[in-house]
K.L.:
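Below you will find the structure I want to go over with you.
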Amino acid sequence: MPLVFKDTLTQRQSSLSTVGKRPLEMYVCGPTVYAPSHVGHLRTYLLFDLTKRYFLSQGRKVHHIQNITDFEDKITHQALAENLPWSELSHREASDFARLMAKVGILPPDRMPLSSEYVGKMIDLIRRLERRGFAYRRNGSIYFDASKVTETRNFSAEDFLTAHAVPESGRVAEPEANDPRDFILWRPSVEPAPVWDSPWGRGMPGWHIECFAMASDNMRLPMDLHGGGLDLIFPHHYAENLISLALTNKLIARNFLHSAFVTMDARKMAKSTGNLVTIEEALGQICPWGLRYYLMTKSYEERLEFSMYEAHQAEESWQEDQAALSGLLATGGQSGYPVERLETASKEFYRALASNLETPEVLNILHELTVDIRRSGTSGIARGEHRAARKILTGWGTTLGLPLLGENSGSEPH
Ligand SMILES: [Zn+2]
């Protein structure tokens, strides 16, 4: 069943086929590694993990690239505060990020390129942009000239520039730029900030060219699916599209998917404002599967107001479902719970995922089954039907990344 979802760029329904030998090309914008990741980040990576798991469940491979932004001003500042070279700090935080993702069952990407390894490639791209007239110099920096892109297919910069003049990331305001839509491709820098030699002197690249360099080097553009958190639409994905249009006449991706924010006290969870619960803090109070389950209780398109109370409730529901469903295989009577009910539920399960990754509906399906199993008073699936039931339950667990049949029960896809 193809995955049908609302494309964030067109705001129309789009679909991605689950058949075909060619893997689905998916690039997810990864973290800027300077501090421990929070639950808002996890929600984004979970969305793409579920997307990937859905495709794998349907038999289509996914080529998943997710970068690590390992140099940036915030990293430099934090490294200075800790008296470390920036690369040491980013290396430490990147390892910690990978450890946390594994803990909550996020499948590792096929590659996690580091921005710092692609600076040569970025310099080449900037030179090409300059040659084609899409860049201008100002006080030692190189800017992308948005006015030179006549193609109008893109996210609307105007919407963002008027609605939220300076996004939380603070990376949009470029006082020397000709136009608020323009952005830095290269700027001078001095140690201890990251520094590379370039045709424009010693300095460092801007943010948007980084992802374009890593994406274009690791997959054919336009890729099938590109995304991240909602705050990446502008300026980041807008800017990547401009670079792509300038160099290839095409958008960077055919489809865009973004996850809504996690909020606390109705404000976006963010490292820069300190309004956050780190993944580690959450895992101090709730098990990884409970946390995963909790984040799935809301559609990725809706804001999720983080509540430890609700997270605990979700953890209880998960434990109840897990006990009831794995219990079906624990014993085997002759007249047990009919496997047909699992088969019917399974159709609904995959249909709900195929329809805009409706995880709340999927969890409802599991919970209704749990209630039905309890009500039936049966001790388990009839002996001859164990095999069929195990297959269904293993499939669900693998697709959701939850050990439905207990730890090590195959929440990793084959
Ligand atoms: Zn990116």
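If you read the sequence from its start, that first residue is 1, and numbering goes on from there. We count ligands from 1, going down the list as the structure has it; atoms in each ligand are counted the same way. Owing to the predicted nature of the structure, the values given are computational and were not obtained by experimental measurement.
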K.L.:
If the Zn ion (ligand 1) is the vertex, what is the angle to SG of Cys211 and SG of Cys29, rounded to 10 degrees?
P.N.:
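Answer comes to 130°, rounded to 10°.
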K.L.:
Side chains of Asn178 and Arg138: any donor to acceptor distance under 3.5 Å?
P.N.:
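There is such a pair (donor and acceptor under 3.5 Å, judged by atom type) between the side chains of Arg138 and Asn178.
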K.L.:
Under the criterion side-chain contact (heavy atoms from CB on, under 4.5 Å), I'd like the reasoning laid out for Tyr300 against Thr359: C-alpha separation, chi angles, the key distance, then a yes or no.
P.N.:
CA-CA 8 Å; Tyr300 73 89; Thr359 50; over 6 Å; no
K.L.:
Using 2.8 Å as the threshold, say whether any N, O or S atom from His208 sits that close to the Zn ion (ligand 1).
P.N.:
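Given the 2.8 Å cut-off, His208 does not count as a ligand of the Zn ion (ligand 1).
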K.L.:
Distance check below 2.8 Å: does His237 bring an N, O or S atom to the Zn ion (ligand 1)?
P.N.:
no
K.L.:
Is it the case that the side chains of Tyr118 and Asn67 hold a donor-acceptor pair, with the cut-off being a distance below 3.5 Å and no angle test?
P.N.:
no
K.L.:
Would you tell me whether Gln58 and Thr18 have side-chain atoms, one donor and one acceptor, within less than 3.5 Å of each other?
P.N.:
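Checked: Gln58/Thr18 side chains show no N/O donor-acceptor pair below 3.5 Å.
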